[in-house]
There are 2 protein chains.
Amino acid sequence: MLKISTKGRYALRIMLDLAKHSEEGPVSLRTVAKRQQITLKYMESIMSLLLREELVISTRGKSGGYKLTRKVEDYNVYEILHAAEGNLAPVQCLAVSENDCPLHKKCPTLPMWTGLEKLVREYLQGFTLDMLNTADLPSPNCGH
Amino acid sequence: MLKISTKGRYALRIMLDLAKHSEEGPVSLRTVAKRQQITLKYMESIMSLLLREELVISTRGKSGGYKLTRKVEDYNVYEILHAAEGNLAPVQCLAVSENDCPLHKKCPTLPMWTGLEKLVREYLQGFTLDMLNTADLPSPNCGH
DNA sequence: TGATTTTCTGGTATTTTTATAGGAAATCTT
DNA sequence: AAGATTTCCTATAAAAATACCAGAAAATCA
């Protein structure tokens with residue numbers, strides 16, 4: 001139903017938290033979990049997705065944790081949600097790499113969906129992490 | 001994941017089919033089901049949603065069926081999807097009638113979600129049934 | 001009266017989402 | 001070297017959403 005799942009919303013909150021606290025060394029998930037009220041185990045599974053896309057870098061062991069790989073102004077919301085949730089296309093046949101729908105050339109709604117995907121993508125790409133963090137949320141926040 | 005469910009896509013296809021064929025009297029679901037390759041029973045449950053919002057009108061009995069209540073140019077895609085899928089807000093706290101999130105005034109992402117909802121809504125409101133039908137799809141179509 | 005079609009109730013199967021559990025591997029600190 | 005901490009990996013379970021089916025009642029027309 002055009003919903004963002006918790007996985008995506010949590011990923012965004014985690015990234016915002018890291019952006020706030022990762023200047024002086026890696027941040028452990030345990031401290032993020034406390035601030036954000038997300039269970040440690042669920043966060044771990046989300047981190048693997050962010051790690052795979054190289055949005056964060058990790059160091060194991062004591063006093064280890066996660067750090068951002070770029071400057072906060074170089075992340076946009078779209079790529080974070082995309083990393084966490086996979087493809088954001090509103091209908092399936094936009095998501096597949098090769099358009100295997102045999103009737104896509106005559107499909108009356110395809111241009112509409114294509115336009116919607118573009119609209120959403122470009123809108124979310126317009127928000128960077130530091131833009132959001134200037135709003136200065138109290139942690140933990142409401143779940144967005 | 002920002003997906004439109006089959007319920008919404010089917011509702012749109014059904015409305016497009018009705019728009020095409022309902023000039024000369026009511027259209028039975030059986031004929032729509034044949035053309036659109038959707039099971040009769042699933043369509044019935046979708047029709048009850050469209051009926052509740054008075055997007056269509058029904059007549060029972062022999063040679064009964066469904067008809068549009070308005071002219072084709074007076075339907076937009078948003079209201080059809082909304083009727084079929086319920087609220088299209090990307091995050092839950094936009095969907096509730098009264099904003100019960102205690103921190104919504106300090107939530108750093110809320111304005112972004114509000115803007116996204118508005119963007120999507122206005123985009124989909126810009127498409128009317130007759131705009132889509134001029135593309136003249138072969139029925140059944142690909143599933144969009 | 002009989003045929004057809006919507007409508008209603010309720011149920012089931014499948015998939016996706018969300019979350020948890022346990023332990024292995026790596027790294028730091030002492 | 002030992003212990004503590006933290007990421008990482010695999011598996012599983014609970015919950016919710018989605019998709020679909022069955023059967024019968026009600027309405028309508030011929």
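Numbers restart at 1 for each chain; the letters A, B, ... are given by sequence-line order, proteins then strands. Predicted model only: the values in this text are computed from it and were never measured. Only this structure's heavy atoms are used, side chains among them; waters, hydrogens and symmetry mates stay out.
Hydrophobic clustering (side-chain heavy atoms under 4.5 Å, transitive across Ile, Leu, Val, Met, Phe, Trp, Tyr) groups B:L51 together with B:L68.
Rounded to whole angstrom, the span from the CE atom of B:M47 across to the P atom of D:dC20 amounts to 16 Å. As rounded to whole Å, 16 Å separates atom P of C:dT18 from atom CE of A:M43. Summarising the geometry, the separation between CD on A:E85 and C1' on C:dT16 is reported as 12 Å, rounded to the nearest angstrom. Distance NZ (B:K7) to P (C:dT15): 18 Å, rounded to an integer number of Å. Atoms CD1 (B:I14) and P (C:dT6) sit 12 Å apart, rounded to a whole Å. Taking atom NZ of A:K67 as the reference point, atom P of D:dT7 lies 14 Å away to the nearest angstrom. Counting to the nearest Å, the P atom of C:dT17 and the CD1 atom of A:I46 are 13 Å from each other. Between B:L40 atom CG and D:dA22 atom P the separation is 11 Å, expressed in whole Å.
Regarding contacts with the backbone of D:dC8, a side-chain N or O of A:Y66 is found under 4.0 angstrom from either OP1 or OP2. When the side-chain nitrogen and oxygen atoms of B:R30 are compared with OP1 and OP2 of C:dT4, none of them lie within a distance under 4.0 Å. Between A:S45 and C:dA19 there is no side-chain N or O to OP1 or OP2 distance below 4.0 Å.
The backbone N or O of A:Q36 lies less than 3.5 Å from a partner atom in the side chain of A:R13, making a donor-acceptor pair. Remark: side-chain polar atoms of B:N76 are paired, donor with acceptor, to backbone N or O of B:E79 under 3.5 angstrom.
Using a 4.0 Å cut-off on heavy atoms, none of the residues of residues 49-57 of chain B approach DNA chain D.
Among the nucleotides D:dT18, C:dT18, C:dT6, the one closest to any side-chain atom of B:L29 is C:dT6. Of the candidate nucleotides C:dA19, C:dT5, D:dA19, D:dA19 has the atom nearest to the side chain of B:T6.
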**Report entry** Contact pattern, 5' to 3', of nucleotides 22-30 of chain C - B, S or - by protein heavy atom under 4.0 Å
**Finding:** BB-BBBB--

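Side-chain atoms of A:T128 and A:E73 include no donor-acceptor pair closer than 3.5 Å. In the model, B:Y75 has a side-chain atom that pairs as donor or acceptor with a side-chain atom of B:T69 under 3.5 Å.
Residue pairs meeting the side chain to side chain donor-acceptor pair (under 3.5 Å) criterion with at least one partner in residues 43-59 of chain A, sequence neighbours excluded, do not occur; the list is empty.
Remark: B:E85 does not engage A:K3 in a salt bridge, criterion side-chain N to carboxylate O under 4.0 Å.
The closest side-chain heavy-atom distance from B:L88 to B:V120 is not below 4.5 Å.
By the 30° and 60° cut-offs, the orientation of the rings of B:H82 relative to B:Y78 is tilted.
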